[in-house]
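First the structure, in the form of structure tokens, and then the observations on it.
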Amino acid sequence: RRGQSELQLRFLNGSSQVKPSYDYVIIGAGTAGLTLADRLTADGKSTVLVIENGKVVDSPRIDQVYSGMAAMGPTWSYQINSVPQVNLRNRTTAVLAGNLVGGSSAINAMMTVRGTSEDYDRWGNFFSNSSTWSWDGLLPYLKKALSFVPPEAAVAESVNITYDTSFWGNSSSVYTGWPSFQWPGLKTQIEAFQDIPGVEFPTDSGAGKAGVYWFPTFMDPKIVQRSYARTGHFDGINRSNHDVVTESHVTKIILEDGIATGVIFRQGRGNSTTYTTVKANREVILSAGAIHSPQILQLSGIGPKKLLQSAGIDTRIDLPGVGQNFQDHPMMFMSIVLSNFTTHPSPSDMFGNRNFTDWAQTLWKANKTGPYSMGIGNAAAWLGMPVIAPEAFETIASKLESQDHAAQLPPDTDPTVIAGYTAQMKEMARSIRSPNTAFYNHVLSGAGSSGSLIYLHPLSRGTVNINTTDPFNTEPIVDYRALTNPVDLDILIEFLRFTKRYFFETRLKELSPRQIQPPDYVEEPDDLAGFLQSNLSPSEFHPSGTCAMMPKELGGVVDESLKVYGVKNLRVVDASIMPTLPGANTCQSVYAIAEKAVDLIKADM
Ligand SMILES: Cc1cc2nc3c(=O)[nH]c(=O)nc-3n(C[C@H](O)[C@H](O)[C@H](O)COP(=O)(O)OP(=O)(O)OC[C@H]3O[C@@H](n4cnc5c(N)ncnc54)[C@H](O)[C@@H]3O)c2cc1C
């Protein structure tokens with residue numbers, strides 16, 4: 001990795017150093033933005049400026065793989081709290097989004113997962129069944145995005161890790177790999193799923209199939225450090241056609257006669273603030289993430305007219321979908337412990353077992369091996385509704401179909417956004433009936449206890465809108481609108497029931513399971529709902545959907561080329577374009593979206 005001082009040469013911290021124009025101006029040096037900038041400048045034919053709000057941060061906490069969570073939290077994130085969630089007993093949630101070079105890929109938990117084939121086919125189906133936004137169309141980009149490094153044979157053998165390199169590539173500088181250690185208890189946890197009818201065990205996490213499987217970690221196994229957009233698409237790149245300006249906050253995209261011609265950004269120095277305009281000869285590309293991309297569009301006059309009017313912003317393009325269709329993966333903890341779980345070593349040995357941690361430290365210091373090379377986990381169940389709720393899924397799907405969809409959205413929602421939501425719910429009803437759309441995600445810890453439960457296809461939709469009282473100087477208003485669609489509760493109640501069955505009705509019952517939270521006497525639907533309202537978090541930090549790639553008449557913001565409707569030379573490329581969430585952590589999909597966008601952009605050169 002190059003030293004900070006050398007990097008500074010390319011950090012145009014004084015606005016006077018920015019050239020007046022570039023072929024492409026990219027907003028946000030995050031996961032998608034850095035991928036795009038690297039690929040678009042590689043052949044030397046185009047000039048690119050990336051404008052980033054955050055700084056370049058060097059920290060062992062970012063590099064650290066162990067635990068997966070060392071870089072999470074407020075330090076390198078925007079400071080945003082959601083509005084109180086009415087259906088979650090008015091609790092608010094910290095909205096984490098990376099505010100540094102590398103974006104959220106610098107602070108995420110490094111779980112490398114992709115959705116099932118149905119998740120990606122669904123995206124294209126909103127346009128036509130010949131869309132290239134499909135599993136077949138995206139697989140080459142999922143492969144291009146990452147270099148897969150297989151696990152060591154001995155570790156793989158110790159816990160039966162299977163993988164299939166045909167689903168992966170090996171040409172990217174962003175790596176995904178494996179720790180040199182796994183908890184033996186994972187074998188027990190995985191095998192217990194064999195006792196549940198319908199559970200599949202795909203050979204590889206990249207196969208596009210639901211089931212129980214192993215998945216790698218965004219890390220470079222050679223150095224056992226996080227591998228992310230900065231290490232893969234920024235460090236070591238020194239091209240005269242590739243400029244990056246940090247600590248620079250984009251306030252607006254300039255529109256002239258419906259054409260995006262440039263960007264205005266703000267730099268604060270001591271007490272003074274400067275504003276700089278930079279021109280884009282070919283395109284402005286918005287990659288500010290699902291929280292800030294809709295904000296920047298709205299500040300530029302592209303968004304729902306009524307909202308813009310109430311903020312005193314001139315409507316340049318009335319685009320009702322901007323900032324709507326907001327989705328994230330809700331998350332919760334259900335606590336069940338196996339009283340007679342005696343497998344060791346187990347994660348609990350990392351806390352209080354001095355002999356074990358001394359051994360682990362020795363391995364780590366000697367050659368970066370052992371338990372300290374592990375992230376948040378490498379095995380999980382990703383299961384469809386027919387598997388987890390065989391007796392209830394049909395009733396739930398029918399209830400969703402017969403719903404008044406408009407009633408689930410905010411009162412003033414535009415008819416096109418309602419039409420898009422209706423189309424999505426039709427797809428979701430179909431998906432509830434399919435074993436190959438995973439709704440339920442249970443991350444396995446290797447300890448004798450339950451892990452976190454994640455809801456992969458929530459039906460409620462939130463909003464991310466500018467703060468109309470002071471839109472240019474405040475963060476957007478983030479409202480998950482969690483559990484506003486009551487069918488979400490029906491599904492989540494099935495999650496609790498299924499998790500209980502997994503512990504009490506499989507071979508795990510021999511290990512004396514004990515349910516702690518919610519207490520086992522809590523069984524009535526109303527009481528389970530109460531537990532969820534008190535405990536659910538609306539976010540796994542996977543914000544998506546706020547500049548949805550959908551037809552315009554379905555409330556879409558960008559078309560299949562990721563171009564913003566009604567504007568020339570403006571694309572959005574980041575997590576905000578996902579029309580519906582993939583049933584997986586989102587980072588791998590964002591890299592693939594960016595890789596596909598590169599080809600879409602080049603096709604227009
Ligand atoms: C805490 C956390 C844990 C996660 N865990 C996982 C995980 O384990 N596995 C997984 O697959 N996914 C995970 N994710 C999600 C994943 O990291 C994101 O989906 C993905 O990185 C988003 O990429 P993006 O390009 O859309 O946005 P980002 O990578 O967030 O990039 C947006 C960039 O735009 C910049 N920006 C924003 N506004 C402006 C402005 N006005 N001017 C200039 N620059 C601006 C930001 O500073 C940022 O650098 C996690 C995310 C977080 C936050």
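What you see below is based on every heavy atom in this structure, not just the backbone, and it leaves out hydrogens, waters and symmetry mates. Both counts, for ligands and for their atoms, begin at 1 and track the order of listing. Residue numbers run from 1 in the order of the sequence given.
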Where on [X] is there a heavy atom closer than 4.0 Å to ligand 1, on the side chain, on the backbone, on both, or on neither?
X: H292; result: side chain
X: T251; result: neither
X: H542; result: side chain
X: V590; result: side chain
X: S287; result: backbone

Give a yes/no on ligand 1: does [X] have at least one heavy atom closer than 4.0 angstrom to it?
X: G33; result: no
X: F265; result: no
X: A290; result: no
X: L100; result: yes

Check: Do NZ/NE/NH1/NH2 and the carboxylate oxygens of R114 and D204 come within less than 4.0 Å?
Finding: no

Is the closest N or O pair between [X] and ligand 1 shorter than 3.5 Å?
X: I27; answer: no
X: M72; answer: no
X: C587; answer: yes
X: T31; answer: yes
X: Y78; answer: yes
X: V250; answer: yes

Margin query: Quick check against the 3.5 Å criterion: does T35 have a side-chain atom that pairs as donor or acceptor with the backbone of Y591?
Written below: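 Pair absent, no side-chain N/O of T35 close to backbone of Y591.
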
Next item on the list: Only heavy atoms count here, so choose which of S104, P476, G103, S544 is nearest to atom 30 (O) of ligand 1.
Entry: S104

Note to self: Measuring from atom 25 (O) of ligand 1, which candidate in G73, G30, A32, A106 has the nearest non-hydrogen atom?
What the structure shows: A32

Checklist line | Residues T231 and Y175: side-chain donor-acceptor under 3.5 angstrom | finding: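 No - no donor-acceptor pair under 3.5 Å links their side chains.
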
Next item on the list: Using a strict cut-off of 4.0 Å, indicate which atoms of ligand 1 neighbour a heavy atom of S248.
Entry: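 Result: 42 (N), 43 (C).
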
Note to self: Taking the side chain as everything from C-beta on, heavy atoms only, tell me whether Q267 gets closer than 4.5 Å to V245.
What the structure shows: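 Counting from C-beta outward, Q267 and V245 do come under 4.5 Å.
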
